[in-house]
Amino acid sequence: MKVLLLNGSPHPKGCTAAALQEMIRVFADSGVETELVQLGNRDIRGCIACGSCGKTGKCVFADAVNETAPKFEAADGLVIGSPVYYASPNGTLLSFRDRLFSSTRFSNHMKVGAAVVSARRGGNTASFDVLNKYFSISGMPIATSTYWNQVHGFSAEDVKKDLEGLQTMRNLARNMAFLIQAITDAKEKYGYPEVERKYFTSFPDGK
Ligand SMILES: Cc1cc2nc3c(=O)[nH]c(=O)nc-3n(C[C@H](O)[C@H](O)[C@H](O)COP(=O)(O)O)c2cc1C
């Protein structure tokens, strides 16, 4: 079992990192291999809708998106961590996810997803909803916890005092490990459910 964790914060040792490290410790105890990719301080531009990825299966820009795509393909689960900026996930991470999810051609079906947000004070659940939408359009089951997956703080030291936030991260990691194992076992027993791709319409009448 492999889980890829992405940190959208520019701070490799900040609040989001503290939340992800709490999960990594539980994954290690549960026998889940992890890799953490630090994204928030990389130069990652937005999607220009050029359509090139439709032909090549990779983004036209050679940066962290194409570097991370094979790691995502190999992973059974994906954790996305973001600081909250103006009540949304931060821009670098959103640019990254738009391009990663639209440029890759491998199936994300039944890879388990989890979103984690870090805020000083507000905007957590709005950001959490945005991050979860990439999973829910991709056939990715979403792991949940004992609260919405959030920590509070302005520094990693603050997050260490957010005992409920850290507990939420540990429970999330345990649930995610269980879900990945359960899906692996169910795939052996039943196979994955069929995915239809026949229709791609903009209007209800199909025109
Ligand atoms: C541009 C910017 C916008 C921010 N907007 C918010 C916000 O809307 N709500 C909030 O609670 N914190 C906001 N913050 C604070 C950080 O999101 C918060 O301290 C977070 O925990 C930092 O995580 P990090 O150390 O992983 O970067 C903002 C910070 C920056 C730099």
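Read the numbers this way: they start at 1 and go in the same order the structure lists the ligands and their atoms.
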* To do: Go through ligand 1 atom by atom and flag the ones less than 4.0 Å from a non-hydrogen atom of Phe154.
  => 19 (O)

* Evaluation steps, side-chain contact (heavy atoms from CB on, under 4.5 Å), between Val65 and Lys58 -> CA-CA 9 Å; Val65 172; Lys58 61 179 188 177; over 6 Å; no

* **same_hphob_cluster(Leu94, Val37) at 4.5 Å side-chain heavy-atom cutoff** => yes

* side chain to side chain donor-acceptor pair (under 3.5 Å) assessment of Asn171 paired with Gln167 -> CA-CA 6 Å; Asn171 286 330; Gln167 173 180 266; 5.3 Å; no

* To do: Look at the side-chain heavy atoms of Ile, Leu, Val, Met, Phe, Trp and Tyr, link any pair under 4.5 Å apart, and say whether Ile44 and Val130 land in one connected group.
  => yes

* **Cys15 N/O under 3.5 Å from ligand 1 N/O** => yes

* Structure fact -> atom 26 (O) of ligand 1 has as its nearest protein heavy atom Thr16 OG1, 2.7 Å

* Taking distance alone, with no angle check, do Gly14 and ligand 1 share an N/O pair under 3.5 Å? -> no

* Asked: Of the choices Pro83, Gly8, Ser88, which has the non-hydrogen atom that lies closest to atom 22 (C) of ligand 1?
  -> Pro83

* To do: Measure from the side-chain N and O atoms of Asn66 to the backbone N and O of Cys59, and report whether any donor-acceptor pair falls under 3.5 Å.
  => yes

* **Aromatic ring pairing Phe72/Phe106, orientation class (parallel under 30°, perpendicular over 60°, tilted between)** => perpendicular

* Structure fact -> Closest to atom 10 (C) of ligand 1 among protein heavy atoms sits Gly122 O, 3.4 Å

* **Proximity flag Gly123 to ligand 1, non-hydrogen atoms under 4.0 Å** => no

* Structure fact -> Residue, atom and distance of the protein heavy atom nearest atom 11 (O) of ligand 1 read Arg121 N, 2.5 Å

* Asked: Hey, mind stepping through Arg97 and Leu131 against side-chain contact (heavy atoms from CB on, under 4.5 Å) and telling me if it holds?
  -> CA-CA 9 Å; Arg97 287 194 84 189; Leu131 294 177; 3.6 Å; yes

* Please could you name the atoms of ligand 1 that Ser118 approaches to less than 4.0 Å, counting only its heavy atoms? => 17 (O), 20 (C), 21 (O), 23 (O)

* Structure fact -> Of all protein heavy atoms, the one nearest atom 27 (O) of ligand 1 is Ser9 OG, 2.6 Å

* Structure fact -> Filtering Val159, Val117, Val84 for the heavy atom nearest atom 4 (C) of ligand 1 leaves Val84

* **Tyr85-Ile80 co-clustered via ILVMFWY side chain contacts under 4.5 Å** => no

* When you look for heavy atoms under 4.0 Å from ligand 1, do you find them on the side chain of His11, its backbone, both, or neither? -> side chain

* Asked: If you group Ile, Leu, Val, Met, Phe, Trp and Tyr by side-chain heavy-atom gaps below 4.5 Å, do Val79 and Val112 land in one group?
  -> yes

* Check each heavy atom of Ala87 against ligand 1 and say whether those closer than 4.0 Å belong to the side chain, the backbone, both or neither. => backbone

* Structure fact -> In this structure, atom 12 (N) of ligand 1 is nearest to the protein heavy atom Arg120 N, 3.4 Å

* Structure fact -> closest protein heavy atom to atom 5 (N) of ligand 1 is Tyr86 N, 2.9 Å

* Asked: Which heavy atom of the protein is the closest neighbour of atom 2 (C) of ligand 1, given with residue, atom name and distance?
  -> Tyr85 CD1, 3.5 Å

* **Check against side-chain contact (heavy atoms from CB on, under 4.5 Å), Phe96 and Leu6** => CA-CA 10 Å; Phe96 177 89; Leu6 307 178; 3.5 Å; yes

* To do: Assess whether side-chain contact (heavy atoms from CB on, under 4.5 Å) is satisfied between Phe135 and Asn132, documenting all intermediate values.
  => CA-CA 5 Å; Phe135 304 134; Asn132 277 324; 3.5 Å; yes

* Do any nitrogen or oxygen atoms of Gly153 come within less than 3.5 Å of a nitrogen or oxygen of ligand 1? -> yes

